[in-house]
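Remember, it's a predicted structure, so these values are computed and weren't measured experimentally. Sequence lines set the chain letters: A, B, ... in the order given, protein chains first and strands last, and positions in each chain run from 1.
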Amino acid sequence: MDHSQESNVFLQEIEHLRQEIQRHNKLYYVDDQPQISDAEYDRLMRRLQELESLHPDLITPDSPTQRVGAAPLEKFGTVTHSIPMLSLANAMDEEELREFDHRIKRTLGTEAEIEYVFEPKIDGLAVEVVYENGMLVMGSTRGDGITGENVTQNLKTISSIPLRLLTSDPETRQSIVLPRKIEVRGEVYMDKTDFLTLNQERELTGEPLFANPRNSAAGSLRQLDPSVTAKRPLKAFFYAIGAVEGVNFDTHWNMLAYFRTLGLRTNPLNKICQGIEQVLEQYQHLNETKDSLPYEIDGTVVKVNSRHLQEELGTISRSPRWAIAFKFPAKQETTKILDILVQVGRTGALTPVAVLEPINIRGVQVSRATLHNQDEIDRKDIRIGDTVVVQRAGDVIPEVVNIVESGRTGAEKIFVMPTRCPVCQGEVIRPDGEAVHRCTNPNCPAKQIGHLEHFVSKRAMNIEGVSTKQIESFVNNGLIRDAADFYFLKKEQLLPLERMADKSADNVMQAIAQSKHPTLSRFVYALGIRHVGEHTASMLANYFGSLDRLKIASEEELTAIYEIGPEVAKSVSQYFSDPGTAKLLQKFFDGGVEIVNPEGVAARQHLTGKSFVLTGTLPSYTRDEAKDLIEKAGGRVVSSVSKKTDYVVAGRDPGSKLAKAQQLGVNILNEEEFQQLLQA
DNA sequence: ATCCCTCGAGGTCA
DNA sequence: CTCGAGGGAT
């Protein structure tokens, strides 16, 4: 037999082994019906490894042996999700869940029971995996929902995430329609027993222990060396979709079924429910049985099943309107309030914080909890020395639920907000009608530091590697008084500071230099004007297009802008009419800051104040593109038609919104008319 | 009355 | 990263 024939035989066996392994993966992970023992499975894997090592040229990247192939990374790259990974609204109790159901019926204008899909909410971390022509090409963490970290190499080591989607059913041999591209979303998690075993090993080796399975999974996925991740027993369930080309689903339930045919694991406890009462029954049942599950769940997720209705319901800025997280009650513990501290934020707000006797709540040491303001303290009658019930809201943020009356000894001290700022001794006032107390000293160091922290923060000027500690040190050493001073720093000035070696100083200088060309909206946000957060900053930037126009805007002109009311207008106009602001801005420019407008010249704002509703598919634009164009022109896109809607843009297969528009006599545009309007 | 944005807060991990 | 109170806008 000549060489090529010989390698052909190998190729056949290799191919056969790979298919078998893929088939058993599906049986094991997706169908939960293994047909062979783990030992037999291992034998298949070893045989494949053996053959591949004899013929390295036959190794393909999607071979099951290639789960760990990559070298450690320096750091993770960032990935922008093509469709943002939204978070979910929360229902805290039954009533709120029923409210969710009512709202949906009201929005859809129906009395009929809604069909829901009920899913356990796994306590892990959300990821997105992208398959192109069936091959895993990218995997990322959810991050802030807009951008996440590129953890492709690590996700590839997780055996319940297929490297290649199935192209035919391993049992029936029927072929499966593969989407050209599909972004699937799911949860990576660690089983409770695996978490315990891992911690036992770590204890033996003297490594720090993980607090809970969730942190353990998160820590494992964020390893720079994929060979470490590969040793961690991670698993995944899939439950949602991002961008997809080439397939369509009528229901969420059918989409999950399709996931399984592709070899993507879905949770076997997912249920379909007719109406909200059935959802509640499932919830009760799961709440009673959850402790016997191999993994931790922190609640359930309820989704409208029909994809068509989902679209009609739409999404609001942070979450879809057609899904809600229904969490289990948080674990509560009792502890003592040792003291109440007062912190001062960048706006001068005084926030009381309870210092607690440290207590472990679901694996996490809790030692502080915000008390929000004096009203909150009075309402709950919280005193220093009280015994209190503490929980982590949403299983994250520590919160004092209430006091334990019977724990009172009479020695408790009543807390009163100080009349002088604890940082600068400045006068403290409580503005009429507001719940917060504020320090009035404009030069209060707490405000100054807070402003500078805000200025350098990721979403503002994004000056990386400048920490709170460093800012404090810069300020205390007189290097920096205002934000513009960053752009006059010299490396030599940094070197004498503590913890500032040559390399760190270089990094700081470089990070500052890199921040010199912000977009207008980032820059406006970074200024830290009261009531101007990211959203409002971007509204202002879009509307005015340049700082020169923004800074001369009158209060009246500002108020006329949609979403800008009297308070915000006053705050903005006061900020820019302050002579100190003019000086500060000039100082920024002298220091080399130059605002860039990524879209070039700001678009004309001829659609200002007009509201649009999009329905159906436009041939030339995606939803997001259309939305962008409208917003750039000053218009806004809303999700439901009312008589205040100015235009409904209708594409192919329009939804019920078109009918409503006709009924209300709202202007209806097709794509051509829409384009004309944009150019008009 | 309701929806949404701003702002401030705590803990873990690399 | 995530939550929730409070306030602003409609």
Side-chain angles (χ1 to χ4, degrees), chain A residues 72-76 87-90 92 99 103 106 125-126 141-145 148-149 151 207-212 214-225 228 298 316-319 321 325 327 330 341-356 358 360-373 375-376 379 390-400 431 433-436 438 446 450 453-454 457-459 525 528-539 559 561-571 611 636 638-639 642 644:
Chain A
L73 298 167
E74 284 274 311
K75 62 180 277 197
F76 296 116
S87 49
L88 294 178
N90 281 315
M92 295 324 236
E99 217 168 88
R103 198 163 53 235
R106 198 173 59 219
L125 68 159
T141 60
R142 175 178 179 279
D144 61 7
E149 283 178 319
V151 289
E207 290 168 284
L209 301 187
F210 288 114
N212 52 48
R214 191 204 127 78
N215 288 343
S216 176
S220 300
L221 201 61
R222 302 201 56 231
Q223 293 292 328
L224 292 169
D225 182 352
V228 177
D298 56 353
I316 50 178
S317 77
R318 281 223 315 256
S319 50
R321 265 195 273 255
K327 303 236 178 139
L341 297 179
V342 177
Q343 302 199 344
V344 186
R346 83 171 147 102
T347 62
L350 271 61
T351 312
V353 175
V355 180
L356 306 168
N360 192 304
I361 308 181
R362 289 206 20 184
V364 173
Q365 282 285 324
V366 172
S367 54
R368 317 181 118 205
T370 177
L371 298 173
H372 299 296
N373 53 53
D375 282 356
E376 179 84 359
R379 197 157 45 230
V390 177
Q391 69 179 17
R392 292 200 295 145
D395 259 356
V396 180
I397 307 292
E399 168 187 66
V400 173
E434 288 193 22
V436 293
R438 290 203 141 84
E453 278 181 320
H454 171 79
S457 69
K458 201 173 169 81
R459 312 190 80 102
Y525 173 62
I529 305 165
R530 272 259 266 154
H531 298 130
V532 180
E534 250 186 319
H535 178 81
T536 310
S538 131
M539 295 281 302
T559 318
I561 303 171
Y562 182 81
E563 279 188 327
I564 309 258
E567 287 297 320
V568 179
K570 193 167 116 196
S571 168
S611 70
R636 65 197 185 93
V638 295
S639 59
S642 73
K644 285 187 181 169

Determine, step by step, whether A/T536 and A/I564 satisfy the side-chain contact (heavy atoms from CB on, under 4.5 Å) criterion, reporting the C-alpha distance in whole Å, the side-chain angles of both residues, the deciding distance to 0.1 Å, and the verdict.
CA-CA 8 Å; A/T536 310; A/I564 309 258; 3.8 Å; yes
Rounded to whole Å, how long is the line connecting atom [atom1] of [X] with atom [atom2] of [N]?
X      : N      : atom1 : atom2 : answer
A/I361 : B/dG10 : CD1   : P     : 14 Å
A/I529 : C/dG8  : CD1   : P     : 16 Å
A/Q365 : B/dT12 : CD    : P     : 7 Å
A/Q391 : C/dC3  : CD    : P     : 13 Å
A/R346 : B/dT6  : CZ    : C1'   : 8 Å
A/K570 : C/dG8  : NZ    : P     : 9 Å
A/I561 : C/dG8  : CD1   : C1'   : 15 Å
A/R214 : B/dC13 : CZ    : P     : 11 Å

So which nucleotide from [options] ends up closest to the side chain of [X]?
X      : options                : result
A/Y562 : B/dC7, C/dT10, C/dG7   : C/dT10
A/V364 : B/dC3, C/dG8, B/dT12   : B/dT12
A/S367 : B/dC13, B/dG11, C/dC3  : B/dG11
A/T370 : B/dA9, C/dG8, B/dC13   : B/dA9
A/H535 : B/dT6, B/dG11, B/dC3   : B/dT6
A/R222 : B/dA14, B/dG11, B/dG10 : B/dA14
A/I397 : B/dT12, B/dC7, C/dT2   : C/dT2
A/A349 : B/dG10, B/dG8, C/dG6   : B/dG8
A/F210 : B/dA14, B/dC4, B/dA9   : B/dA14

Look at the side-chain N and O atoms of [X] and state whether any lies under 4.0 Å from the OP1 or OP2 oxygen of [N].
X      : N     : result
A/N373 : C/dG6 : yes
A/T351 : B/dC7 : no
A/T536 : B/dT6 : yes
A/T347 : B/dG8 : yes

side-chain contact (heavy atoms from CB on, under 4.5 Å) involving A/T351 - partner list, sequence neighbours excluded:
A/T370
Under the side-chain contact (heavy atoms from CB on, under 4.5 Å) rule, collect the residues that match up with A/P398, sequence neighbours excluded.
A/V366, A/A369
For A/D375, all residues meeting salt bridge (charged side-chain N to carboxylate O under 4.0 Å, His left out), sequence neighbours excluded
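Partners of A/D375 under the salt bridge (charged side-chain N to carboxylate O under 4.0 Å, His left out) test: A/R430.
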Set of salt bridge (charged side-chain N to carboxylate O under 4.0 Å, His left out) partners for A/E376, sequence neighbours left out:
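Expected list: A/R379, A/K380.
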Quick one: on DNA chain C, does A/H372 or A/P566 contact a more 5' nucleotide (nearest heavy atom)?
A/H372
Would you mind classifying the nucleic acid contact of [X] as base, sugar-phosphate or nothing, using non-hydrogen atoms under 4.0 angstrom?
X      : value
A/G450 : nothing
A/R392 : nothing
A/K458 : nothing

Report the secondary structure of DNA chain B in dot-bracket form, marking unpaired bases with a dot and bases paired to a different strand with |, and treating Watson-Crick or G-U pairs with both distances under 3.5 Å as paired.
||||||||||....
Of A/S216 and A/Y525, whose nearest nucleotide on DNA chain B comes first from the 5' end?
A/Y525
When the nearest nucleotide of DNA chain B is assigned to A/A537 and to A/L209 on a heavy-atom basis, which residue is associated with the more 5' position?
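By nearest-heavy-atom nucleotide position, the 5'-most residue is A/A537.
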Taking the side chain from A/S571 and the backbone from A/E567, do they hold a donor-acceptor pair closer than 3.5 Å?
no
Qualifying residues under ring pair (Phe, Tyr, Trp, His ring centres under 6.0 Å), relative to A/H531, sequence neighbours excluded:
none
Carefully, step by step, assess A/L125 and A/L221 under the rule side-chain contact (heavy atoms from CB on, under 4.5 Å).
CA-CA 9 Å; A/L125 68 159; A/L221 201 61; 4.0 Å; yes
Indicate yes or no: at least one non-hydrogen side-chain atom of A/R222 is less than 4.5 angstrom from one of A/E149.
yes
